[in-house]
Amino acid sequence: MTANYETREHDVLIIGAGGAGLRAAIEALAQGASVGVVCKSLLGKAHTVMAEGGIAAAMANVDAADSWKTHFRDTMRGGKFLNNWRMAQLHAQESPDRVRELEQWGALFDRTESGDILQRAFGGHTFKRLCHVGDRTGLEMIRTLQDRGVQQGIDVYMECTVTRLLMDGGRVAGAFAYWRENGRFIVFKAKSIVIATGGIGKAWRVTSNSWEYTGDGMALAYEAGAELMDMEFVQFHPTGMVWPPGVQGILVTEAVRGEGGILRNKVGERFMEKYDPKRMELSTRDVVARSIYTEVKEGRGTEHGGAYLDISHKPAEYVKKKLPSMYHQFKELADVDITKGPMEVGPTCHYMMGGIRVDAETAQSTVPGLFAAGEAAAGLHGANRLGGNSLSDLLVFGRRAGLAAAQHAKRSSTPSIDNAQIEQAEKELLAPFSNSGSESPYAVHRDLQEVMQNLVGIFRTDEDLKKALAELVKLKSRAAKVSVEGSRLFNPGWHLSFDLKAMLTVSEAVTYSALARTESRGAHSRIDHPSVDSAWEKKRNVIVRESGGMSRREVPIKPMPKELQEILDEDKV
Amino acid sequence: MKEATLRVFRGDSSGGQTVDYRVPVAPGMVVLDALHYIQGYLAPDLAVRWNCKAGKCGSCSAEVNGRPRLTCKTRMDDLPQDQPITVLPMKSFPRIKDLVTDVSWNYRVNRKIPPFEPRKRVEWKISQLDVDRVQEFRKCIECFLCQNVCHVLREHDKKEQFAGPRFFVRVAGLEMHPLDGLNRAGLLKDQLGLGYCNITKCCTEVCPEEIHITDNAIIPLKERVVDEFYDPLTMLFRKIRGG
């Protein structure tokens, strides 16, 4: 059989073109590597574009007392001390430089009176720390990185989906992918691969995530033998839209609360007084999400099952200036003028703290040559991420991954790829065209979303999680049988059949890990184990593929060096 | 539940036709929801681009009842329900399949534009007033609806000579960046074909971000090109002569 795929070769292949992928690409290129970036959507449409509130960096432009130490402490506290402390340290130390660098590449942030980058308050941050552009910081960031990367000479493979990592013995050798446009195959050869594919939100019904966030990067790494960790920690953002039905889950930025927005229940109580009287609306996301959920569950929800979020006490012009896209979003999609009345909001599946287990300095996974950064990687955020720490994560660890991947490529010989792997990948991908029967990938996806929404949501129990695992087994066998109609030309049903497998893999990892963690910490809340168990502060769940299937281990957390422990001990609250 | 008919283009580069689909209409539903319903229940291979579904990424552009729109921001209840709602791909770009068009030309044009380059020994202090002016251009979400309606591209297909409104917005953002040190007037005149624009404002009308493309980006850039390349006295003389 003649090859029915094209071949491209790069030193470093980056999967994903959001903030982390693009920052990695720019760095790898600066190191002299040839760089290819593969992305499922058009360039510039990745989820980074949706990030609204800002980039957390202790620049101390507004609150002079801020420093990396305070940022480190806030991040560790927010993550309930489960964070990889070295990552939290590097992140706090390096993010101001990464922001300045963006500015030097042309990003324009809102300013202070004295002409410096303006910073705003956000949940869990002691000081005003988020560098922002109104409520569209992510767009500013992705455009800046995209233009910089393209001008520096990255090769971008748009609308191209990687379905399998190709191996040379124990190390990565490349990736197998297809063009979404025409369904043709493409094989990438690479010495290093960076996974920057983002999260897994599409496995839940109510989510702020787009179709792309199906956990495929994590699943690719898992299939290649890499370890996943902290998979039980899924962030439900407290404020998604709840009405009308079509917009349910769309994000309402935390900047609304950062700018002074107030949460109330249907009887007008400012209910955060009950749950976190000190920090109120600017408590951490896990706490605010649970509070809203509890209010609704106990019958104090709004007409459409949410809470009221009100910013209308601020001058209308101020709201329109600081929250322009929220103003338009509610006006156009929900007929609500947020300068005049409250929004209705409720929790939405937003972010994955868990992911590929990486080394803090190099972002390398447990597989040689395979790196991961951004949401696809685990560690920085521990059990709960603070708002604003995601964009800074992308920049800090995107750069580190790109740097280490380029250095790894320099040291490595060209790997070889045997044809059997490629043939296997082709066969798997084309199976839905020859499957008989009428199982639809959309139907399996809908059912998966119900299972994850109802059984692996904000509050979890042993019984629900076991039920979810049983359901996932059934869904996996259905997913193996899905059939698609039409041709390979831009065929979303076919595309979904692959994404579905990735979603099932990560869903299983989330559920296994959640079942094992018999305590409540950060974003993981067990009704049957409502308190924190100090034994679980010293270990974490790691998921790895074994011949019999998915296997879980508990791995001890390395003790923190004294100087970092001292930072945490200062100013005990 | 109420129902509506969507009349959606099905086909590829070789041709095609519209197909009618009956879709249940929920409160607040947008056209993209209806297209997703069709994919999920009626035509799983219907090709549609989308991402954020919140008007922030600019992926889901199409022509709804003849008007170029983001389908994620087009409410079903704003459209007459007693007749089919037509959804066609953007006309100015080559068709790939159904509602998906080949927009890669835009990315090639973008490569011609030199990025931000700070002036030498610049001090990184900027006033909010300067930020506000430029932010209008930087909020572009690259939906390419302005490119789609611009008659220079849509009717005359001058893609080789003319960059289109999207990229004049981008250049305006760079040229008016308070710390930028480059001059892109020559590029605008010679490579991006700014002169082809005769300010019909079609682009401004369809911009979902409400950027004043013509007034705030294109006209100031045209003035810049004039200042740079045409001697003002000669221009005045021509004007008096009525040339």
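Just so it is clear: chains get the letters A, B, ... in the order the sequence lines come, proteins before strands, and each one is counted from 1. Only a predicted model underlies this, so the values are computations on that prediction, with no experimental measurement involved.
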Exercise for the section: Could you check if a side-chain atom of B/Asp12 sits within less than 4.5 angstrom of a side-chain atom of A/Phe490, using non-hydrogen atoms only? Expected result: no
Problem - Pairs of heavy atoms under 4.5 Å with chain B: top-ranked of A/Gln329, A/Arg136, A/Met50 - result: A/Arg136
Problem - A/Arg446 to B/Tyr41 six-membered ring, cation-pi geometry met (6.0 Å, 45°) - result: yes
Exercise for the section: With the side chain counted from C-beta on, respond yes when B/Trp124 and A/Gln104 share a heavy-atom pair under 4.5 Å apart, and no when they do not. Expected result: yes
Problem - A/Ala443 portion near chain B, given a 4.5 angstrom heavy-atom threshold - result: neither
Problem - Interface moiety of A/Glu113 toward chain B, non-hydrogen atoms closer than 4.5 Å - result: neither
Practice task
Could you tell me which portion of B/Leu46 (side chain, backbone, both or neither) has an atom closer than 4.5 angstrom to a non-hydrogen atom of chain A?
Solution key: backbone
Exercise for the section: Measure from the side-chain N and O atoms of A/Glu332 to the backbone N and O of B/Lys73, and report whether any donor-acceptor pair falls under 3.5 Å. Expected result: no
Exercise for the section: Kindly say whether A/His47 contributes a backbone atom to a donor-acceptor pair with the side chain of B/Lys56 at under 3.5 angstrom? Expected result: no
Exercise for the section: Give, as side chain, backbone, both or neither, the part of B/Arg138 having an atom under 4.5 angstrom from any heavy atom of chain A. Expected result: both
Practice task
State, yes or no, whether a side-chain contact exists between A/Arg148 and B/Pro115 at a heavy-atom distance under 4.5 Å.
Solution key: no
Handout entry: Distance-only side-chain donor-acceptor flag, B/Arg111 / A/Gln151, under 3.5 Å
Key = no
Problem - A/Lys321/B/Asp132 ion pair, N-O < 4.0 Å - result: yes
Exercise for the section: Below 4.5 Å from any heavy atom of chain B, which atoms of A/Glu181 appear? Answer side chain, backbone, both or neither. Expected result: both
Handout entry: chain B contact via A/Lys40 - side chain, backbone, both or neither, heavy atoms under 4.5 Å
Key = neither
Exercise for the section: Would you mind checking which part of A/Val484 comes under 4.5 Å of any heavy atom in chain B, side chain (CB onward), backbone (N, CA, C, O), both or neither? Expected result: neither
Completion exercise
Of all heavy-atom pairs linking B/Val48 and A/Pro492, the shortest is N-CG, 4.5 Å
Problem - Heavy-atom donor-acceptor pair, B/Lys97 side chain to A/Leu489 backbone, under 3.5 Å - result: yes
Exercise for the section: Measure distances from A/Ile117 to the heavy atoms of chain B and classify the residue's part below 4.5 Å as side chain, backbone, both or neither. Expected result: neither
Problem - Interface moiety of B/Asn51 toward chain A, non-hydrogen atoms closer than 4.5 Å - result: both
Exercise for the section: Taking the side chain as every heavy atom from C-beta outward, state whether A/Glu140 and B/Lys139 have any pair of such atoms under 4.5 Å apart. Expected result: no
Handout entry: Sub-4.5 Å side-chain heavy-atom contact between B/His36 and A/Tyr442
Key = no
Problem - Donor-acceptor pair, side chain of B/Gln135 and main chain of A/Leu108, under 3.5 angstrom - result: yes
Handout entry: Lys/Arg cation over aromatic B/Phe144: A/Lys45, 6.0 Å, 45° cone
Key = yes
Problem - Any donor-acceptor pair under 3.5 Å from A/Trp211 side chain to B/Trp50 backbone - result: yes
Handout entry: Residues B/Arg49, A/Glu159: salt bridge by 4.0 Å N-O rule
Key = yes
